[in-house]
Amino acid sequence: MANTKYWYNKASTKSAITSLKNQYNDIVTASLSVAKVMKKYVCVNKKWYDDNAIVVADWWNQNKKKGAGGNLKWDTSAKKLIQGKSDTYSDGEDKIKLVVQQAGRVFWIAVCCTLDGLEASHDDVKTSYKDYLTASKNSTYISKNKSKSNDSATVWSKMMKGFGCKEWTFTKLTFKDTSDGQTSDQTQIRNFINDLDRELTTLNRKVDAYCTAVSKIATNTNEGKYWGFSDKDMTKVVKQVKELSEDTSARLKSFANNIKVALNHTEQAKESDIKKLTTKFN
């Protein structure tokens with residue numbers, strides 16, 4: 001139900017929401033840049049193409065079957081890289097996808113749901129933010145918000161696309177399950193490590209910037225800026241922002257550690273400094 005005590009400043013609200021959407025776009029762009037690095041190097045001849053790279057490509061891909069994914073592990077007895085399917089059903093790309101989905105859910109909670117409280121008392125909100133108000137009442141989003149595990153779908157990124165934001169898409173890695181013609185290059189593997197480190201760091205930084213911006217709006221007490229939050233809504237948003245920041249860091253560290261396990265058991269790692277070059281992110 002609308003609460004007339006909530007303030008609303010038209011100009012700064014429009015500017016703030018536009019800025020948040022742009023920062024969400026930055027997160028999507030950064031996440032897709034991680035995918036581009038994977039596609040550029042993994043299972044590419046004369047870059048990184050060996051048995052481990054094949055496992056990593058399969059681990060990254062969204063297999064869409066029960067038991068797919070799981071953290072990468074080195075099977076000492078079999079002397080090969082495997083997916084530990086008992087620890088998690090997440091594919092490698094899930095760890096990147098979930099960052100984007102959670103950022104979209106935070107937007108729904110912080111913007112759509114709080115603007116809904118202004119609908120009855122501010123006519124401009126009803127006309128200018130109709131799509132957001134409709135989303136706040138959407139039963140699908142309400143249901144999906146009940147558990148973070150629902151972020152494994154792509155509901156939130158599709159919602160953000162409907163708001164005019166950049167589209168998030170899956171990236172499939174191709175590989176041939178054969179030992180014929182597989183080649184890897186030390187220099188290219190170093191390039192892969194450095195490029196991946198850069199993109200993971202960028203993604204984490206973009207999420208932190210987004211979190212800071214959302215928190216700034218939610219905790220603002222200047223009635224001449226943005227729009228008003230109830231104490232309950234403010235507390236909820238701050239909690240969701242904190243979770244997004246912490247979950248992102250954990251997911252990206254997990255992603256980097258999985259790649260580290262794979263790279264540390266390549267042929268190139270045995271007689272080089274590749275083990276020392278694993279991503280600084282982990």
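Using a 30° and 60° split on the angle between ring planes, Y8 and Y129 fall in the perpendicular class, above 60°.
Here the side chains of Y49 and V44 are not in contact, with every heavy-atom distance at 4.5 Å or above. Residues F170 and N61 are not in side-chain contact: their nearest non-hydrogen atoms beyond the backbone lie 4.5 Å or more apart. Contact check for I27 versus Y210: side-chain heavy atoms found under the 4.5 Å cut-off. Side chains of D94 and F255 form no contact here, defined as non-hydrogen atoms less than 4.5 Å apart. Annotation: side chain of S184 is in contact with side chain of I189 (closest heavy-atom distance under 4.5 Å). Using a 4.5 Å heavy-atom cutoff, the side chains of S254 and N71 are in contact. Q240 is listed as a side-chain neighbour of R105, based on a closest heavy-atom distance under 4.5 Å.
Sorted by first and then second residue, the pairs that involve residues 26-46 and meet ring pair (Phe, Tyr, Trp, His ring centres under 6.0 Å), not counting sequence neighbours, are Y41-F192.
A salt bridge between K46 and D185 is absent, with no side-chain N of the basic residue lying under 4.0 Å from a carboxylate O of the acidic one. Using a 4.0 Å cut-off between a side-chain N of Lys or Arg and a carboxylate O of Asp or Glu, D123 and K126 qualify as a salt bridge. With respect to the salt-bridge test (charged N to carboxylate O, under 4.0 angstrom), the residues E119 and K130 do not qualify.
For the pair K166 (side chain) and D26 (backbone), a donor-acceptor distance under 3.5 Å is absent. D75 places no side-chain N or O within donor-acceptor distance of the main-chain N or O of K80, the cut-off being under 3.5 Å. S230 places a side-chain N or O within 3.5 Å of a backbone atom of D233 that can act as its donor or acceptor partner.
Linking ILVMFWY residues whenever their side-chain heavy atoms come closer than 4.5 Å, directly or via other members, places L203 and L32 in the same cluster.
Applying the side chain to side chain contact (heavy atoms under 4.5 Å, CB included) rule to N138 yields the partners T140, Y141; only residues at least two apart in sequence or on another chain are considered.
Around the NZ atom of K21, the shell of radius 6.0 Å holds more than 12 heavy atoms that belong to other residues, nucleotides or ligands. Within 6.0 Å of CG in D231 there are 12 or fewer heavy atoms belonging to other residues, nucleotides or ligands.
Note: L81 CG to L72 CG = 5.0 Å, rounded to the nearest 0.5 Å. Rounded to the nearest 0.5 Å, atoms SG (C211) and CD (E243) are 11.0 Å apart.
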**OP:** Apply side chain to side chain contact (heavy atoms under 4.5 Å, CB included) to the pair K73 and V261, showing each step before the final yes or no.
**Re:** CA-CA 7 Å; K73 298 179 179 180; V261 169; 5.6 Å; no
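The six-membered or imidazole ring of F163 lies near that of Y132, with a centre-to-centre distance under 6.0 Å. Proximity of the aromatic rings of W156 and W108 is defined here by a centroid distance below 6.0 angstrom, and this criterion is met.
Put simply, the residue from T13, N220, T114 that forms a side chain to side chain donor-acceptor pair (under 3.5 Å) with W227 is T114.
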